[in-house]
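Since the structure comes first, as C-alpha cells, the remarks are kept for the end.
The chain is numbered in sequence order, starting from 1. Note that the coordinates shown come from a computational prediction; the quantities given were computed from them, not determined experimentally. All heavy atoms count here, side chains included; hydrogens, waters and symmetry mates do not.
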Amino acid sequence: MAERTKLWIAEKMKNLMKKKSLDKIRITEICKEAEIERSTFYYHFRDKYDLVAWIFFQAADRTNVIDLMDAAASMKQMKNDMLFYKRAYEDTSQNALWQYMLEYFVLKYTQLARDMTGEVNLDPQVQFSIRLYCYGAVGMTKEWVLNDNHTSAETEVEMLFQSMPESLRRIYFQ
C-alpha cells in the first residue's frame, strides 16, 4: 500500500513539473494534486527533493549500470521524461538531483566492485577512481539531458564506458 501511495504522489509530481520548475512547486500543491494530506506526504518523503530523488532511484535501481543496452534503455527513458529530468537537473538548490545521483552511483559502483572482487575494503585508488568516474558520468549525463539533442543514448553510454578508468574497467568488464 505504501509503495502505491508513493507511486501516486510521484506521478502527480511529474505532472506538476510539466507545468513549472521544481523551485516553484510547493508541498501544498503536491498534496492538492495528489489529493492527500500533508502528513501523508511527509510520512513518505522528507521534502520535494527527496520525492524527486525517489522518482529517479526507481528507474536507476532497475538498471544494470555495466550493461550497455540496459544503461542506454534507462537513458532513453530519461529522454522520454525530458521535461521532468530537465527541470530536476536545472534546480541548483541545496538538495540538487545531481548530488543525490552522485552519492547513489558512488554507492552502487562501490558495492558492485566489492561484489566482483570479493574485497570488503577496496583499495583507496579504486575508491578514488569510482568517485572520479561517477562525478564525470553524472555531470555528462546532466549535460546530455539538458543540452544534447543529437547523441543517441547508446553512443552516450558507450562514451561513458570508454571514459572509465582502466582500473575500473578491469573490475567491471572482466
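- Put simply, M116 and L122 are part of the same group of oily side chains (I, L, V, M, F, W, Y) that touch within less than 4.5 Å, one to the next.
- Between E35 and K12, none of the side-chain N atoms (NZ, or NE/NH1/NH2) sits under 4.0 Å from a carboxylate O, so this pair counts as no salt bridge.
- Nearest heavy-atom pair across A72 and A153 is O-CB, 3.4 Å.
- Checked against the 6.0 Å centroid criterion, the rings of F45 and F41 qualify as a close aromatic pair.
- Atom OH of Y43 is surrounded by 12 or fewer heavy atoms from other residues, nucleotides or ligands within 6.0 Å.
- In this structure the side chain of H44 never reaches within 4.5 angstrom of the side chain of L51, judged on heavy atoms.
- Nearest heavy atom pair, residue A60 against residue K108, reads O-NZ, 2.8 Å.
- Linking ILVMFWY residues whenever their side-chain heavy atoms come closer than 4.5 Å, directly or via other members, places F57 and L112 in the same cluster.
- A donor-acceptor pair is defined here as one N or O able to donate and one able to accept, closer than 3.5 Å; such a pair exists between the side chain of S163 and the backbone of M159.
- Taking the six-membered ring wherever Trp is involved, the centroid distance between the rings of F161 and F173 falls below 6.0 Å.
- The distance from atom NZ of K32 to atom CD1 of I30, rounded to the nearest 0.5 Å, is 13.5 Å.
- Applying the ring pair (Phe, Tyr, Trp, His ring centres under 6.0 Å) rule to pairs touching residues 111-151 yields Y109-Y133, sequence neighbours excluded.
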*I would like to know whether I25 and M13 meet side chain to side chain contact (heavy atoms under 4.5 Å, CB included); could you show each step before the answer?*
CA-CA 9 Å; I25 297 172; M13 180 62 160; 4.2 Å; yes
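- The 12-atom threshold is not exceeded at CE of M69, counting heavy atoms of other residues, nucleotides or ligands nearer than 6.0 Å.
- Shown here for Y100 and D50, the closest heavy-atom pair between the two residues is OH-N, 3.9 Å.
- L68 is connected to Y172 through a chain of hydrophobic side-chain contacts under 4.5 Å among Ile, Leu, Val, Met, Phe, Trp and Tyr, so both are in one cluster.
- Shown here for F84 and V52, the closest heavy-atom pair between the two residues is CZ-CG1, 3.9 Å.
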*M101 and Y89: side chain to side chain contact (heavy atoms under 4.5 Å, CB included), yes or no, with the steps?*
CA-CA 10 Å; M101 288 179 61; Y89 276 125; 2.9 Å; yes
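- Using a 4.5 Å heavy-atom cutoff, the side chains of Q58 and E3 are in contact.
- The closest side-chain heavy-atom distance from L132 to Q127 is not below 4.5 Å.
- Side chain of S21 to backbone of M17: no donor-acceptor contact under 3.5 angstrom is found.
- Every residue was checked against the side-chain hydrogen bond (donor to acceptor under 3.5 Å, both in side chains) condition with R114, not counting sequence neighbours, and none meets it.
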_Intermediate values then yes/no, side chain to side chain contact (heavy atoms under 4.5 Å, CB included), R26 and K48_ = CA-CA 8 Å; R26 304 289 172 245; K48 64 185 178 182; 3.5 Å; yes
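- Residues N147 and K86 form no side-chain contact, since every pair of their non-hydrogen atoms from C-beta on lies 4.5 Å or further apart.
- Heavy atoms of other residues, nucleotides or ligands lying less than 6.0 angstrom from CG of N121 number 12 at most.
- Using a 4.5 Å heavy-atom threshold, the side chains of K76 and E154 count as touching.
- The backbone N or O of D70 lies less than 3.5 Å from a partner atom in the side chain of D67, making a donor-acceptor pair.
- Note: the hydrophobic cluster containing M82 also contains V157 (ILVMFWY, side chain heavy atoms under 4.5 Å, direct or indirect links).
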*asked:* Set out, in order, the CA-CA distance, both residues' side-chain angles and the distance that settles side chain to side chain contact (heavy atoms under 4.5 Å, CB included) for K79 and V145, then state yes or no.
replied: CA-CA 7 Å; K79 281 281 192 179; V145 167; 5.8 Å; no
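- Here the closest heavy-atom approach between residue I55 and residue A10 is recorded as CG1-CB, 3.5 Å.
- In this model, a donor atom of one side chain and an acceptor atom of the other lie less than 3.5 Å apart for D61 and Y104.
- The closest side-chain heavy-atom distance from T141 to W98 is not below 4.5 Å.
- Between E29 and E33, the closest side-chain pair of non-hydrogen atoms is not below 4.5 Å.
- When hydrophobic clusters are built by joining Ile, Leu, Val, Met, Phe, Trp and Tyr residues whose side-chain heavy atoms come closer than 4.5 Å, directly or via intermediates, L146 is grouped together with M75.
- Between E166 and R169 there is a salt bridge, since a side-chain N of the basic residue sits under 4.0 Å from a carboxylate O of the acidic one.
- Note that the CD atom of Q99 and the CG atom of L102 stand 8.5 Å from one another [nearest 0.5 Å].
- Residues forming a side-chain hydrogen bond (donor to acceptor under 3.5 Å, both in side chains) with E11 (at least two apart in sequence, or on another chain): none.
- Residues C31 and I27 meet the side-chain proximity criterion, which asks for heavy atoms closer than 4.5 Å.
- A pairwise comparison of heavy atoms in I130 and A113 identifies CD1-CB, 4.2 Å as the closest pair.
- Side-chain atoms of T63 never come within 3.5 Å of backbone atoms of V65 as a donor-acceptor pair (strictly under, hydrogens ignored).
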